[in-house]
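Single-structure report; data block below.
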Amino acid sequence: MPKLLALAGGAALAGCQWLVWCYAPEEATLGLMQKIFYVHLPLAWWALISFFVVFLGSLAVLARRSEAADRLCAAAAEVGVLFSGLTLLTGMIWARRSWGVWWTWDPRLSTALVMWFIYAAYLLLRGLDMAPERRRTVCAVVGVAAFLDVPLVFVSARIWRSIHPAVFASRGGGLEPEMKLTAVACVAAMGLFWAALVWLRKRQLDLAARLEAADADED
Amino acid sequence: MDTLYWLLAANAVVWIGFGAYLAFLAGRERALALRLARWERSARG
Amino acid sequence: MPEDAAIALEGVSKRFGAARVLRKVDASFPAGAVTLVIGGNGAGKSTLLKIMAGLSRPSSGRLARGAGADGGEARLGYVGHATFLYPGLTALENLAFWRTAHRLPLDGAALLALLARVGLAAHAHERARVFSRGMAQRLNLARVLMLAPDILLLDEPMTGLDAPSRELLRREIAAARAAGACVALVSHDLEGDGPLADRVLALASGAVAYEGPAAAFFARAGEGPCCA
Amino acid sequence: MLRLSLAIARKDLVLTLVRGNGLVQALLLGLLLLFVFSLAQAPGEKVGPQAAAAMFWLASAFSQVLIFNRLYDVEEANGARLGLALLPAPVQGVWLGKLAAGLVLLLLAQAVFLPAALVFLGQDLVAHPFTGLAILALVDAGMCALGSLLGALAQGQSGRESLLGVVLFPLLTPLLLAGIGVGAQCLGAPAPDGPAAWLRLAAAFDAVFLGVGLVLFGFIYPGED
């Protein structure tokens, strides 16, 4: 089932490539380069959703001591770090081409970077050698604190450079219908792919946990 | 064509990233399959 | 749980990852009695006491505690392998901290008297850092006694104590029992601590091997090789 | 709970300031950071107010990691952590006590870092005493709320200093930005919008993480051994 989902996601992403390259018109001011947007935006969104899933899973771990929720957190955090890392890289390439700099203190870009740091540390914490029960609660606490930090990071980054032109916001309203359709399709396709990745990883972790338990029962 | 070059680089980065994670998943899958096989052997015999 | 039990365990199991330390332990510890907990190394004695103290959560099963002497929650005294002492604080400061932390009124003269009771009057203003193992254990004992516990959990408290200190500890255990406390004492020294015991709980690889009156246990143990 | 917090804070301050040398390491590290950064100014040049404020908060952040590691390390020597678990009071009292002790220690450290930053980095304090104190209090409170929560989480781990830093610093980003933003204004950087937005942000951070600490601390402390 998850493999089917992965295939569907892959196919959908491939289909979106056609939309991106042949269907959506070229942006007037930003030119061809704007087409990165169709990968960049879905990556960012699904990274944020991953972290939200980590938050919800962490709450479930704390409230119900659920081990399955903990494994879901692990899977979602890994995919989230991957997606936000790719968001950063595509964003940097875009920035280099469009504005001539690799990095600029845009609120969204900075928030993505700080989130990447936070959840990379979260994954580091997961890899530590701790008693399983302790690791679950420790990671859940960090998972909750990390997500609550996100809006604060975003607001602070915005105050930090309050004079920065709102590059993204101004274009959000000005998308042509074809572009909007393409963007929505890309987000949906990326969502399928994201779900497949998280599902695959979660299933692996479930299997590993079952094997662990089976080993324990033998003694 | 300079823009296209940048565009290709960005897409390449994305697919390399996905590929790396999928490779990681595949590696884990293989390790798990090995462990499962070993466990089944020991459980039967 | 039985009427007179100050603390009771129902089907308590504990596992650490792959290892099963306790298997479905049912036991009750009556008030006003000393229960000797025995068993070989790794039988699960320390884990059992930690679960009774609430320091460790059982993987399954239930733990019930009776009310304290004053009708409120039972006051708990626990002596484990660690002494809970801050090396940088003096003996008196250590006692004062734990007393305040337990929300009990502070009385310097009473604390000094307590230190005298455990033979540390001359060392009241020395830091715990310089104490020998035996002295630290006696200070630890004073820390527990000043709480006037309803339930006294002692995990091999005799380790590292010289003969007079052991006698002191045994006297205090007897006094606590007389005052109506429930005492659980983990020990390897059946000869020395056996006479104190009213009841015996013997564990073997995490399961109960014997639970009942001490007299019956020692009568049985006298016949064959000791099951501890 | 407040009595427990007070007892713990008092005990920790005695152990750190009177009987130990806990703050010396934090102070030296912070001063070294400030000194090394002063090398960034070319002869005859001055570091900008924003860079100076950033260095001040960086020194504070690093010493905070050492402070909270030390505060939770104190409980490990003879297993006193388990003793705290046996107390009849809610364990959040420990969090609050460590928070208070950490706050005092951090303020003491900053009392050294502030003049050091002014001297090493050649800054002049432009008169904004009230704003400066307000942002100092707000940022320190937030740093200690989070430090007290995460310090408990790192205890018992190998390499816990760097672990605590790696987990703590990104979470502290909004606060550090607020501290640097207002700090730069206090050192004379032009500020068309004033410090109000930063103060509000720092207050919001404090509210969120005081709540988070209060609710979540019980889950990770004292933990089993």
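Hydrogens, waters and symmetry mates are skipped; everything else that's a heavy atom, side chains included, is used. Quick note on labels: first sequence line is chain A, next is B, and so on, each numbered from 1.
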Under 4.5 Å from any heavy atom of chain C - which part of D/Val74: both
Chain D neighbours within residues 79-91 of chain C, where any heavy atom lies under 4.5 Å away: C/Ala82, C/Thr83, C/Phe84, C/Leu85, C/Tyr86, C/Pro87, C/Gly88, C/Leu89, C/Thr90
More than 12 heavy atoms from other groups under 6.0 Å of CZ on C/Arg177: yes
Residues from residues 100-122 of chain C approaching chain D under 4.5 Å (heavy atoms): C/Thr100, C/Ala101, C/His102, C/Arg103, C/Leu104
D/Gln25, CD atom: more than 12 neighbouring heavy atoms under 6.0 Å: no
Heavy-atom closest pair, residues D/Leu84 and C/Phe97: CD2-CZ, 4.3 Å
Interchain contact, D/Ala77 with chain C, by part (heavy-atom threshold 4.5 Å): side chain
Show me the donor-acceptor pairs within less than 3.5 Å that the side chains of residues 140-149 of chain C make with the rest of the protein, sequence neighbours left out.
residue  : atom : partner  : partner atom : Å
C/Asn140 : OD1  : C/Arg143 : NE           : 3.1
C/Asn140 : OD1  : C/Arg143 : NH2          : 2.9
C/Asn140 : ND2  : C/Gln137 : OE1          : 3.4
C/Arg143 : NH2  : C/Tyr78  : O            : 3.2

Portion of C/Arg127 that has a non-hydrogen atom of chain D nearer than 4.5 angstrom: side chain
Side chain / backbone / both / neither for D/Ile8 at chain C, heavy atoms under 4.5 Å: both
Would you be so kind as to tabulate the donor-acceptor pairs closer than 3.5 Å made by side chains of residues 52-68 of chain D, with sequence neighbours excluded?
residue : atom : partner  : partner atom : Å
D/Trp57 : NE1  : D/Gly179 : O            : 3.0
D/Ser60 : OG   : D/Phe56  : O            : 3.0
D/Ser60 : OG   : D/Gln110 : NE2          : 3.1
D/Ser63 : OG   : D/Ala59  : O            : 3.1
D/Ser63 : OG   : D/Ser60  : O            : 3.0
D/Gln64 : NE2  : D/Met143 : O            : 2.5

Heavy-atom pair count under 4.5 Å with chain C, highest-scoring of D/Val18, D/Leu87, D/Leu4: D/Leu87
Chain C interface, residue from D/Pro88, D/Ala7, D/Ser5 that has the most non-hydrogen pairs under 4.5 Å: D/Pro88
